[in-house]
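Order of appearance sets the numbers: ligands from 1, and atoms from 1 within every ligand. Quantities reported herein were computed from a predicted structural model and do not represent experimental measurements.
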Amino acid sequence: MNKWTLLCISLFVAMSCREKQAQYGGYHEYPAYQGKDLGLTYTPAASTFRLWSPVAKNVVVHLYRSGTGDNRIETVNMDSQENGLWQARVAKDLNGLFYTFQVETDSLTLDETPGIYAKATGVNGRRAAIIDWNVTHPEGWADDRRPNTVSFHEAVLYEMHIRDYTIHPSAGSRYPGKYLGLTERLTRNPAGEATGLDHLSELGITHVHLLPAFDFRTVNETKLDSPQFNWGYDPQNYNVPEGSYATDPYNPVIRIREFKQMVQALHASGIRVVMDVVYNHTGETEKSNFNLEVPGYYYRHKPDGSWSDAAACGNETASERTMMRKFMIESCLWWVKEYHIDGFRFDLMGIHDIQTMNELTAELMAAEPSLIFYGEGWTAGGSPLPDSLRALKANMTRVDRVAAFSDELRDGLKGSVFDELSTGFVNGSPGAAMSVKFGIVGAVQHPQVNYPEVNYSKNPWAREPWQCINYVSCHDNHTLADKLRISGKGNFSPSDLEKMDLLANGVVLTSQGIPFIHAGEEMMRTKKGDHNSYNKPDSINAIDWTWKSRYKRIVEHYKSLIAQRRAHPSFTMPTASQVRDHLSFLPTPSGVIAYTLDGSVSEDQWKDILVIANTNSTTATLSLPPATRWKVSYDGSTADGTSTKEYSGSVKVASKTLVVCYR
Ligand code: CA
């Protein structure tokens, strides 16, 4: 071949590159693929591989004997079909093998990827696995039923990290830190008190919310003998369970089966399972599975073409693009149908567009009407997609079936998460009362809430009270006990701290909206003052179950407050108009909030309920309407609801205490 021929070939290749790139005016012009069969379709007779990449000029599937190592068996060429689809069919039984896709564009040969639709992988999620799904079902899986649980507005959520919950020796687990750790019954701490699953049953919560349990990047699954920790907000394979929580991360079936065993055990205990999902960004950027299929397409970009980063993790995904929206919907459906997941918590939901959230929840609810959805109605940075289009807290009235976290109540109760010394209603800032009232009514319009006085939102943002997730702490930032202690600068006694912890969640557990408890709050969980423990060792993050003995009294109060809520529908009114009409704040001195609930609307066995929170360091006395007698349900002295106290004329509320009376 002479140099003129070579030059002609080069020119031809360069021209066809330009033609290929010029084919689309932007990502929105990429043709979409409608089929719901991307990834692998396996039968013993044949495996069909499908991948969408309209910019590819060639795609292959590599078959491997193992999930890792130098053991490639063969490479199969994929055929280009319409609308960017690439397809290959191998007419033999590939069960037990592993595979990767590899995409070549005009300018690049990309790294191998298990593909974004991979549903089983080998260790560290590098290669997808071809498995027989029938062997992933634990015994009795066909009979697994979602517990007959409450409607969304009656839910009580409990947020936990799988490893944290059972990794400490005091958990008494045979599977510390694993999926199976949440399947064990009769586990006890050294004092003989229930831990793990039995503790959850005792508490009486309705839903466990698991921090990321899909396959994430940072924990090296080949080195599980060395201590490693991560929350898991660095997604790698969205449709595969994380390997480090499995007893064997190499065998692709094991993590799937053990995840199902966990769901099955929770369901059998009457508890539903919510997954924390992180579609808003990927752990890798350039070399994420998304980007190894269709470079750039799944992400938002700045005008200069660089990665936009509303997630503050290096990138943000583009839910408004057809194939990203499709991916999110099919991914959630997969977890619901295959793993019997009962709900989703969307990390940085404010990055996702409203249309996607509405289409997603509509499709999911059509498949399973009892699912629940909630998310963070904010971002961690600016996004190129206009605010008005995104599922931000301020736009919640346009998001059909999804709730959002209320930072108003969270910080109103105990001070800003961004300033460790700042205080809220329960720990020294009685002026924060209006932000607390905002949460008590479930973030809906209420005539007695003066919105300009509220810390963050100057308007109600919930259409109905169930759209408001009320909480005082979560995995992010300081634990409640740490925040109270640090903000007190040494001035709060241990007894004060316990009272304030109980008062804070006492307010949460009597408020309208959905209460959310951070695992361990009920036993004064500490992370030793660490406010960002996402990669910290177990010595910071683990639940130490000896706390349950030390704070036995506090745990009993949480149980009693949860039971009280679940027994009385007045605390969980389903509509904003009911809250407006049947929740009335009473005039109170500074540092005290009091309100009544008219039980008639909810057919509550209690005709009227009176809730009083006194944050002052002295007893508060509140006058009551004459000729009424109020019985005490809860007053911070006894936790078991056996109080025989009654009040008429006036009620005395001890310092830093919540009182609930009824008649
Ligand atoms: Ca992993």
Side-chain angles (χ1 to χ4, degrees), residues 39 64 66-69 98-101 111-129 131 136 160-167 175-182 210-263 275-292 311 313-315 317 327 331 334-335 338-339 341 347 475 533-538 541:
Y64 291 92
S66 168
T68 181
F98 294 78
Y99 68 92
T100 59
F101 294 105
D111 287 359
E112 294 175 47
T113 169
I116 60 174
Y117 285 89
K119 294 185 168 72
T121 65
V123 72
N124 279 333
R126 307 309 298 179
R127 293 176 188 162
I131 61 169
T136 67
M160 69 153 74
H161 182 275
I162 291 169
R163 183 182 175 93
D164 288 353
Y165 215 59
T166 58
I167 193 71
Y175 303 100
K178 303 292 186 188
Y179 297 122
L180 293 184
L182 285 172
L210 300 171
L211 257 66
F214 53 79
D215 183 35
F216 53 82
R217 257 184 80 220
T218 37
V219 172
N220 185 341
E221 299 173 9
T222 69
K223 295 198 161 55
L224 296 183
D225 289 339
S226 51
Q228 297 179 75
F229 184 92
N230 208 280
W231 282 340
Y233 292 92
D234 51 343
Q236 183 169 340
N237 291 293
Y238 284 97
N239 297 337
V240 180
E242 162 61 12
S244 65
Y245 300 145
T247 57
D248 178 0
Y250 290 87
N251 180 334
V253 169
I254 298 289
R255 64 175 77 185
I256 296 170
R257 187 189 296 141
E258 292 178 350
F259 192 110
K260 289 178 178 176
Q261 284 178 267
M262 171 183 69
V263 173
M275 274 183 85
D276 192 337
V277 285
V278 188
Y279 298 109
N280 67 77
H281 73 275
T282 50
E284 298 253 21
T285 302
E286 289 283 355
K287 299 211 165 180
S288 74
N289 292 328
F290 283 132
N291 222 42
L292 294 178
C313 292
N315 61 73
T317 56
F327 177 79
S331 177
W334 174 249
W335 287 105
E338 186 65 29
Y339 291 91
I341 287 297
D347 186 62
H475 67 279
S533 68
Y534 77 97
N535 62 354
K536 300 294 162 62
D538 296 331
N541 279 301

Quiz question: by atom type and distance under 3.5 Å, do the side chains of [X] and [Y] form a donor-acceptor pair?
X	Y	result
Glu258	Thr247	yes
Tyr233	Asp276	yes
Asp234	Thr218	yes

Name of the [X] atom (N/O/S only) found closest to the Ca ion (ligand 1):
X	result
Asp215	OD1
Glu221	OE2
Glu242	OE1

**Request:** Assess Phe216: does it contribute an N, O or S atom lying under 3.0 Å from the Ca ion (ligand 1)?
**Result:** yes
**Request:** Determine the interplanar angle of the Tyr238 and Phe327 rings, folded into 0 to 90°, and report it as parallel if under 30°, tilted if 30 to 60°, perpendicular if over 60°.
**Result:** perpendicular
